[in-house]
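Sharing a structure, written as structure tokens. Questions coming.
First the proteins, then the strands, lettered A, B, ... as listed; each starts at 1.
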Amino acid sequence: MIPGLKRELESAVSEACRRVFGVEAPRIVLETPPKVELGDLACPVAFELAKVLKRPPRKIAEELALTLTLPALVVKRSVEGGGYLNFFLDRPRTLRAMLVAGNAAPAVPAGAGKLIVEHTNINPNKAAHIGHLRNAVLGDVLVSTFKRLGRPVEIQNYLDDTGVQVADVIVALQNAADLVESSRAKRLGEEIREILDAFPGHAPGVAPRRLGDLAWDLYALAVRSYAADPSLEEKRRATLHAIEGAATGDDLDEEAAATAALAGRLADAVVRCHLLTMERVGVNYDLLPRESDILARRFWVKAFELLKKAGAARLETEGKNLGCWVMPLEGAPEFEGMEDADKILVRSNGTVTYTGKDVAYQLWKLGVLGIDFEYEEVPYRDVDGSPEFHASDGVSPLYRTRHDEVGADVSARGRFGNGSHVINVIDVRQSYPQKVVREAVRRAGFPEAADRSVHFAYEMVALTPASAEALGVELTDEDRARPFVEMSGRRGLGVKADDLLDRLVEKANDQIRARASEPPEAGRAEAIAVGALRVYMTRFSRNKVIAFDLDEALAFEGDTGPYLQYAAVRAANIFRKLEEIGLKGHLDAAEIDGLGALPASALDDGLWDVVRTCSRTLDTLEKVAESLEVSLLVRHALAVAAGFHHLYHTHPIAQEKDETTRRARRAALQVVSVHLADVLGVLGVPVPGRM
RNA sequence: GGGCCCGUAGCUCAGUUGGAUAGAGCAGCGGUUUCCUAAACCGCGUGUCGCAGGUUCGAUUCCUGUCGGGCCCA
């Protein structure tokens with residue numbers, strides 16, 4: 001609503017409560033009535049008061065309505081339903097106020113620190129699938145919501161470049177002959193090596209994403225092979241040892257060093273694939289922190305010191321965890337009911353668990369670890385040598401962490417981390433480890449830091465048994481009876497992000513061809529595809545499992561991205577057409593200023609309904625920031641678009657003869673355009689020039 | 001065994017934090033284009049809000065239990 005109006009109304013209502021009934025008003029809620037005819041704002045305060053005053057809510061509302069001192073913008077009050085106190089705004093002046101306000105960011109509370117949002121975090125050993133897309137798009141929309149609200153945000157995409165999954169592909173590359181389907185494994189391996197040999201340049205004639213696809217298949221082969229040949233497990237251990245040793249600067253023999261180098265190149269090259277995929281859908285980052293650098297910079301050593309000093313880590317001298325450093329969790333209420341709540345931080349062989357590294361990283365993000373990374377610009381280059389990726393502002397270089405100052409960009413020191421708040425976008429299956437990390441931060445002596453971090457948990461993207469089988473995966477009868485099956489990189493079971501995007505682009509092109517004679521401008525089909533995808537990924541509540549359905553994902557009608565885009569395109573077309581036929585299009589400042597003089601009758605209910613919907617944009621953004629429920633924004637966008645499409649058919653402008661009516665409609669249209677563009681911008685739904 | 005999530009129309013989902021006649025999209029049927037692009041619009045809906053209790057003037061919403069499905073920890 002209009003900035004300030006809400007507060008004015010709230011204080012007017014509570015003042016009346018005190019004056020009329022001598023009671024302190026309960027919290028004043030203002031909602032939007034279900035229909036325009038019922039007004040612009042509704043206050044259910046009388047229902048609350050009915051409890052205290054022991055009188056019928058409707059009577060209370062009527063008394064309040066009579067004596068209320070109203071803000072200037074409110075022209076009428078009424079009592080509706082069982083006791084709603086409703087307010088009607090001065091339409092011309094409200095419209096003017098909304099156009100004057102535009103989409104200015106609200107005032108940010110002074111001293112609001114930097115928010116760090118961590119998302120994407122795909123293991124760099126295979127192509128991204130649609131589950132990763134949900135993570136990235138949710139994270140990205142959260143980021144833009146906060147940015148839209150004026151908060152400084154830093155986006156981090158954490159790379160587990162020293163993990164088991166990378167090691168698995170390396171084992172497969174180096175032992176292709178020992179894998180199941182060894183001839184296929186060899187072919188995959190050879191092609192992967194060719195691509196890696198060209199990296200950090202580009203293998204000529206090879207599509208950039210080819211590596212992700214090959215690694216996807218090889219990884220699945222590797223996983224299957226462990227079961228068939230247990231000796232491979234030993235090779236995996238050796239590989240991991242080599243990778244970690246290289247990161248921590250151990251003396252390695254030639255073979256181990258070569259293995260680690262290969263792993264590094266694989267991870268680097270696959271990360272590039274992921275960045276390209278994410279760039280396709282408009283997702284970007286500011287920093288890529290690497291696990292190898294957490295090891296190299298001895299983050300864990302520091303975190304471990306803090307934990308030991310605070311008495312939060314204990315060396316087990318007996319039992320099954322003999323020789324391990326654990327964090328005992330029995331006492332914590334959150335971990336009640338667990339038989340063995342102790343979390344291993346350091347294994348008896350001296351290696352740090354994933355949790356341990358995560359704790360160190362989390363402490364760093366929260367600014368309490370006490371040491372920092374070095375940084376460098378990400379080295380990925382286009383064929384012409386220009387940087388392939390930028391930071392989220394679109395111009396700054398994208399950075400990644402570095403283990404030492406040799407070759408590091410010293411000007412970047414201290415620029416990253418140290419967030420006043422941290423949001424980790426990780427699916428709900430990681431709730432337990434996330435809880436452990438948070439608890440570790442608390443116990444390391446930083447309870448207030450722990451309170452500044454939240455786990456943004458969302459449900460997974462799964463496949464319907466039918467769609468899994470359509471991908472050629474063999475399912476058990478048990479799987480077939482399930483409502484959905486989990487995607488699994490290990491099983492090679494999943495829909496790759498780029499494949500889905502290709503299908504969307506293909507379909508968009510078909511649709512474009514079906515309705516236009518001239519060939520579309522470059523990027524039009526891609527824009528539509530991205531719009532469809534982003535809306536599909538965000539329109540469900542985050543705690544809902546998405547059972548992926550290809551037809552649903554490919555839908556362009558109804559509650560979809562193209563529906564939103566079409567509204568924006570049509571709105572732009574109207575202004576263009578108006579100017580073409582010599583009429584005024586957009587309102588200039590003077591015309592906006594004069595809107596207050598418009599007769600109220602020019603803004604009928606049909607027209608006003610849409611404006612009323614638009615008035616909730618800022619509230620919705622704030623609600624998204626508070627609840628971290630991104631789908632609220634999508635639904636708001638759909639409501640604005642639906643309102644617009646309705647208006648389109650009922651309130652023509654170019655054909656309208658009366659200038660005043662036209663002006664009223666143009667003004668309403670302009671409000672809708674501004675809000676639609678605003679919301680689509682935050683959602684990352686691009687608007688093509690035409691549809 | 002413990003914890004978390006889901007259950008609303010044939011299907012996929014909303015439901016403004018306990019209130020107005022429980023709403024959208026899809027699918028189906030019918031209609032709208034000499035008009036700012038029909039990716040749109042208009043019309044057509046009797047749903048045990050999983051089930052049973054409880055709190056309340058009022059419960060899809062809160063509490064307890066229970067059934068079914070999913071995830072995580074052990």
Would you say whether A:Tyr84 stacks on B:rG19? The test is a distance between ring centres of less than 5.5 Å and an angle between planes of less than 30°.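 It does not: the ring fails the test against the base of B:rG19.
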- prompt: Any ion pair linking A:Arg429 and A:Glu486 (charged N to carboxylate O, less than 4.0 Å)?
  reply: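 Here A:Glu486 pairs with A:Arg429 in a salt bridge, since their nearest N and O are under 4.0 Å apart.
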Below 30° counts as parallel, above 60° as perpendicular, anything between as tilted: where do the rings of A:Tyr458 and A:Phe456 land?
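The arrangement is tilted - the two ring planes meet at 30° to 60°.
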| Counting only heavy atoms not in A:Glu478, do more than 12 sit closer than 6.0 Å to its CD atom? |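 Open.
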**Asked** Between A:Glu37 (CD) and B:rA20 (P), how many Å, whole number?
**Response**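 So the CD-P distance, A:Glu37 to B:rA20, works out to 16 Å.
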Rounded distance (Å) that lies between atom P of B:rC73 and atom CG of A:Leu329:
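Nearest whole value for this atom pair: 14 Å.
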Q.
Give me the distance, rounded to whole Å, that separates B:rG18 from B:rU60 when you measure between the C1' atoms they each carry.
A.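 11 Å, rounded to whole Å.
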Practice problem: Please work out which of the three classes, parallel, tilted or perpendicular, describes the rings of A:Tyr566 and A:His645, given edges at 30° and 60°. | Solution: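 Aromatic pair A:His645/A:Tyr566 classed tilted.
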Report yes or no: is the cationic atom of A:Arg77 (NZ for Lys, CZ for Arg) closer than 6.0 Å to the six-membered ring centre of A:Phe87, at no more than 45° off its axis?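 No - A:Arg77 does not lie over the ring of A:Phe87 by the 6.0 Å and 45° rule.
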For this session: Drop me the distance from A:Asp427's CG to A:Glu459's CD, to the nearest 0.5 angstrom.
Result: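 The CG atom of A:Asp427 sits 7.5 Å away from the CD atom of A:Glu459.
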If you take any heavy atom closer than 4.0 Å to RNA chain B, which residues from residues 549-559 of chain A end up in contact?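 Close to the strand are A:Glu552, A:Phe556, A:Glu557, A:Gly558, A:Asp559.
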Q: Assign each of A:Leu632 and A:Pro562 to its nearest nucleotide of RNA chain B by heavy atoms, then name whichever residue's nucleotide is nearer the 5' end.
A: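 Per heavy-atom nearest nucleotide, the more 5' residue is A:Leu632.
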Salt bridge or not between A:Arg635 and A:Asp559? Use side-chain N to carboxylate O under 4.0 Å.
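Result for this pair is no, no salt bridge flagged.
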Practice task
Between B:rU37, B:rG15, B:rG19, spot the one nearest the side chain of A:Arg635, thanks.
Solution key: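 Closest nucleotide to the A:Arg635 side chain: B:rG15.
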Annotated structure of RNA chain B as dot-bracket, pair cut-off 3.5 Å, Watson-Crick or G-U only, | for inter-strand, is (((((((..((((.....[...)))).(((((.......))))).....(((((..]....)))))))))))).
_Looking at every non-hydrogen atom in both residues, tell me the closest pair between A:Ala568 and A:Leu676 and how far apart they are._
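Minimum heavy-atom separation between A:Ala568 and A:Leu676: N-CD2, 3.6 Å.
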Identify whether the distance between the nearest side-chain nitrogen and carboxylate oxygen of A:Lys577 and A:Glu579 falls below 4.0 Å.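 A salt bridge is absent here (no side-chain N lies under 4.0 Å from a carboxylate O).
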key: Stretch residues 521-540 of chain A: residues that reach within less than 4.0 Å of RNA chain B through a heavy atom   =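 Here the set is A:Ile528, A:Phe540.
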Problem - A:His651 and A:Asp604 side chains, donor-acceptor separation under 3.5 Å - result: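 Side-chain D/A pair, A:Asp604 to A:His651: present.
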Quiz item: More than 12 non-hydrogen atoms from neighbouring residues, nucleotides or ligands closer than 6.0 Å to CZ on A:Arg490, yes or no?
Solution: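 Counting other residues, nucleotides and ligands, CZ of A:Arg490 stays at 12 neighbours or fewer.
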- If we take the C1' atom in both B:rG69 and B:rU33, what is their distance in whole Å?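 To the nearest whole Å, 47 Å.
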Relative to the 5' end of RNA chain B, which residue comes earlier, A:Ala508 or A:Thr32, by the nucleotide with the nearest heavy atom?
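Comparing both residues, the 5'-ward one is A:Thr32.
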Lys/Arg cation over aromatic A:Phe556: A:Lys507, 6.0 Å, 45° cone: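 A:Lys507 over A:Phe556 ring: yes.
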ask   = Over how many whole Å does the gap from A:Glu478 atom CD to B:rG70 atom C1' extend?
value =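 For the pair A:Glu478 CD and B:rG70 C1', the rounded distance is 13 Å.
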Rounded distance in Å between the C1' positions of B:rG7 and B:rU12: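 The answer is 14 Å between these two C1' atoms.
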ask   = If we take the P atom in both B:rC49 and B:rA59, what is their distance in whole Å?
value =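 It comes out at 13 Å once rounded to the nearest Å.
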> For the pair made of CD in A:Glu622 and P in B:rU17, what is the distance, rounded to whole Å?
Replying inline: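 Nearest whole value for this atom pair: 16 Å.
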request  = Please measure how far the C1' atom in B:rU48 lies from the corresponding atom in B:rU55, and state the result in whole Å.
outcome  =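 That atom pair is separated by 22 Å.
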